[in-house]
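Hydrogens, waters and symmetry mates are skipped; everything else that's a heavy atom, side chains included, is used. Residue numbering restarts at 1 for every chain, and letters A, B, ... go by the order of the sequence lines.
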2 protein chains.
Amino acid sequence: MLPDVEPPTPIAAATMPPRDRSVERVRVFNRFYTRRLDLLDRGFLASPYTLGEVRILWELAHREGVSAADLSRELGIDPGQMSRTLGRLVGAGLIARVADAGDARRSTIALTAHGREVLAPLEAEQRRRVAAGLRGLTPEAVGRLVAAMADVERLLEPERAGDLMIRPHRPGDVAFVVARQARLYVDDFSFDERFEELISRVAADFLRDFDPRREASFIAEVDERIVGAVFVTRKDDEVAKLRLLHVESEMRGRGIGTRLVDACVRFARERGYRTLTLWTNDVLVEARRLYERAGFRLVASEPHRMFGPPLVGETWDLTL
Amino acid sequence: MLPDVEPPTPIAAATMPPRDRSVERVRVFNRFYTRRLDLLDRGFLASPYTLGEVRILWELAHREGVSAADLSRELGIDPGQMSRTLGRLVGAGLIARVADAGDARRSTIALTAHGREVLAPLEAEQRRRVAAGLRGLTPEAVGRLVAAMADVERLLEPERAGDLMIRPHRPGDVAFVVARQARLYVDDFSFDERFEELISRVAADFLRDFDPRREASFIAEVDERIVGAVFVTRKDDEVAKLRLLHVESEMRGRGIGTRLVDACVRFARERGYRTLTLWTNDVLVEARRLYERAGFRLVASEPHRMFGPPLVGETWDLTL
DNA sequence: TCCATTCAATTGACTTTATCAACTGAATGG
DNA sequence: CCATTCAGTTGATAAAGTCAATTGAATGGA
């Protein structure tokens, strides 16, 4: 009998609309990462505990006051399954159930000292395996990997983002911020290369003339990833200029812009400036709202086509 | 009985050495992505086929000449397990075994037409789920997500990278390249902000003065991610200058640099220049090798400290 | 040419996981 | 106060995971 078989279909990425192509790329990544995770998880094979058990132990090691229902919800495990697995773990003396004070149905699960002892070497082995996977990479590449992973996390679940840090710029940061701004305004507002040129030059001048006593940079960082920035430059003894404010789109609406603008205002006031001024464009509505709320007043506006599409340039001032 | 329980340990990221901190960040990402993949895989719940079966079907749909052993190796499934699962799938008429011509032990597995029919709606459902996950993102954010995923893949497994494309720059690309160069030279060679300033200004001037008849940009792209670049600018009618060559570290040693330099040489020759010149520094040994192999000759060198650490600036010329 | 070795594929035995449904006893909210 | 919801358990059954053993076919030197 000659079996009735079919030839495989290649993924014809090039001919798809961009959205579909992205979906396909994400699926490729998912399969790729499924296998990597699979390899890592096999690290637990050496131990007498199963992956499911270890996942529960890990969860308990890093959280407090967890119930069986919490675990099954969060690890995506069937409650019945969970009940049996927990039973086994209790039997082995790795975990203990504590009756909930307020709710007689619930009981809180926690690791015992023995459970912690069992988990420690498993975690160490996991860490060794992850570290081995990073072995071939330069520190720079490891940094990029971590940054790329942080991007994936933040883009898929903005609420997972860690705490915001605001710090001065370090070498390389200014160029990074310029690149992000260029990308943002090109993609969202179709600004052309004249905008890219302008901010590249602003950056070069800032780097050349930077005077830390009279000027400042504020880089907003989340999980070691730059998510926004702003600069204050000296125009003259009386007037400081706020420049290059931006916040990554997925991090907007969490007060980062406000904190950056506030930092500028505080700095300008502290250093004895009388006015803080800035130039922006009407299409940047979110930024305008920030300025307005910080007390800036629109003092001039003129239509222009400096960057391709018709815009209205606006000067905003804040008297300090 | 008062159970002997232990309080959880927070991940004290801040106090760790950077390498360990990176390992910890990777582990956090792994757990995060494990859950996401888990959610996606539940998409197959509606069908009468199990995840293992679908994974096999998917693999068969996109590859040719696969044996049972190949599948169990690549999907990380026990050969015994695989044998039984394949048996079930053959029984259901989704796949067929074809005896291998050369090796009587082996048999090649392939999808039947029916198998393809069964898989199609499952794949469509998967795509719908992935697309739903991207729904909340702007196109710009989707682009960043895909780019970040491509970074993760390329950094972890450079050999997975797709085909190289070389194209002219588009708005935003020059600023991006400047940012990558600044980061690279700051991290690897401790260049200071004067380097960042210099290349920002070079970029601004390039964008302002760009003359497509006499000048060119070559952006190397893999999987829609910029992995290298180089520019050719006009110095005078006789002399063209090669500028800002760089290749991302994880993509080196695959001929990308050579192809970029070749593109420059070809362009300069085509446009009637007599000489192609460039300025670089002794520490950039990989780049120097590229220039040498392309026929450039070192014509001048002078020590300097323009960017912080002591360097030897070098001028290389190629007579066209 | 032969034979120990390796390899593809299967089978057996057994444990654990996955999934669905049913059930108990305890909160909860009109 | 009572229908409803919820935490947790138990039962049944199919599938997955794991380890060991087996068959028959290649393979690579001695």
Side-chain angles (χ1 to χ4, degrees), chain A residues 34-35 37-57 59-60 65-92 94-110, chain B residues 34-35 37-57 59-60 65-92 94-110:
Chain A
T34 297
R35 294 192 191 181
L37 289 169
D38 210 55
L39 284 179
L40 274 176
D41 288 342
R42 279 164 207 286
F44 295 124
L45 268 181
S47 85
Y49 302 96
T50 64
L51 179 57
E53 290 168 340
V54 176
R55 287 225 291 161
I56 291 169
L57 293 180
E59 198 67 22
L60 292 173
V66 192
S67 69
D70 295 338
L71 284 174
S72 61
R73 245 194 318 275
E74 286 172 42
L75 298 180
I77 295 173
D78 179 89
Q81 174 72 353
M82 181 57 70
S83 176
R84 276 182 274 258
T85 308
L86 291 179
R88 242 181 302 130
L89 290 173
V90 169
L94 304 188
I95 63 174
R97 286 183 237 247
V98 190
D100 188 291
D103 188 333
R105 295 170 307 178
R106 260 175 64 98
S107 63
T108 297
I109 324 262
Chain B
T34 297
R35 294 191 192 182
L37 288 170
D38 210 54
L39 284 179
L40 273 176
D41 288 341
R42 280 164 206 286
F44 295 124
L45 268 181
S47 85
Y49 302 96
T50 66
L51 179 56
E53 291 168 338
V54 176
R55 286 225 291 161
I56 292 169
L57 293 182
E59 199 67 23
L60 293 174
V66 192
S67 69
D70 295 337
L71 283 174
S72 63
R73 247 195 317 275
E74 285 173 41
L75 299 178
I77 294 173
D78 180 89
Q81 175 73 349
M82 181 58 69
S83 177
R84 274 183 274 260
T85 308
L86 291 179
R88 242 182 302 129
L89 289 173
V90 169
L94 304 189
I95 64 174
R97 286 182 239 246
V98 188
D100 187 292
D103 188 334
R105 296 171 305 177
R106 261 174 65 99
S107 64
T108 297
I109 324 264

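B:Asp38 has its CG atom 15 Å from the C1' atom of D:dA16, to the nearest Å. Between B:Ile56 atom CD1 and D:dA15 atom P there is a gap of 13 Å when expressed in whole angstrom units. As rounded to whole Å, 14 Å separates atom P of D:dA15 from atom CG of B:Leu51. Following rounding to the nearest Å, B:Gln81 (CD) and C:dA18 (P) show an atom-to-atom distance of 13 Å. At whole-Å resolution of the value, CE in A:Met82 and C1' in D:dT9 are 14 Å apart. Between B:Ile77 atom CD1 and C:dT17 atom C1' the separation is 15 Å, expressed in whole Å. One can place CG of A:Leu89 at 16 Å from C1' of D:dT9, the figure rounded to the nearest angstrom. A:Arg97 has its CZ atom 9 Å from the C1' atom of D:dG8, to the nearest Å.
Evaluation of the side chain to side chain donor-acceptor pair (under 3.5 Å) rule for B:Ser72 yields no partner, not counting sequence neighbours.
Within the 4.5 Å cutoff, no side-chain heavy atoms of A:Ile95 are placed close to those of A:Arg97. Looking only at side-chain heavy atoms (C-beta outward), A:Thr34 and B:Arg55 come within less than 4.5 Å of each other. Between B:Leu71 and B:Leu86, the closest side-chain pair of non-hydrogen atoms falls below 4.5 Å.
In this structure, C:dG30 and D:dC1 make a Watson-Crick or G-U wobble pair, each of the two defining distances being under 3.5 angstrom.
The base of D:dG11 sits within donor-acceptor range of the side chain of A:Arg84, with an N or O pair under 3.5 Å.
Within the nucleic acid shown, A:Gly80 comes within 4.0 Å of at least one base atom, counting heavy atoms only.
A salt bridge does not link B:Asp38 with B:Arg35: every distance from a Lys NZ or Arg NE/NH1/NH2 to an Asp or Glu carboxylate oxygen is 4.0 Å or more.
For B:Asp78, counting side-chain heavy atoms from C-beta on, the closest listed nucleotide (C:dT16, D:dT10, D:dT18) is D:dT18. Across C:dT16, C:dC20, C:dA8, the shortest atom-to-atom separation from the side chain of A:Arg88 is found for C:dT16.
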Just distance, no hydrogens or angles: give the donor-acceptor pairs under 3.5 Å from side chains in residues 76-84 of chain B, sequence neighbours left out.
unit_1	atom_1	unit_2	atom_2	d
B:Asp78	OD2	B:Gly80	N	2.8
B:Asp78	OD2	B:Gln81	N	3.2

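Between A:Thr85 and C:dT16, a side-chain N or O to OP1/OP2 separation shorter than 4.0 Å is absent. For B:Thr50 and D:dA14, the shortest distance from a side-chain N or O to OP1 or OP2 is not below 4.0 Å.
For the atom pair A:Arg88 CZ and A:Glu53 CD, the distance stands at 4.5 Å (nearest 0.5 Å).
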Completion exercise
Scoring nucleotides 21-28 of chain D by protein non-hydrogen atoms under 4.0 Å (B base, S sugar-phosphate only, - none) yields ---BBS--
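Residue whose closest nucleotide on DNA chain C sits further toward the 5' end, between A:Pro79 and B:Ala69: B:Ala69.
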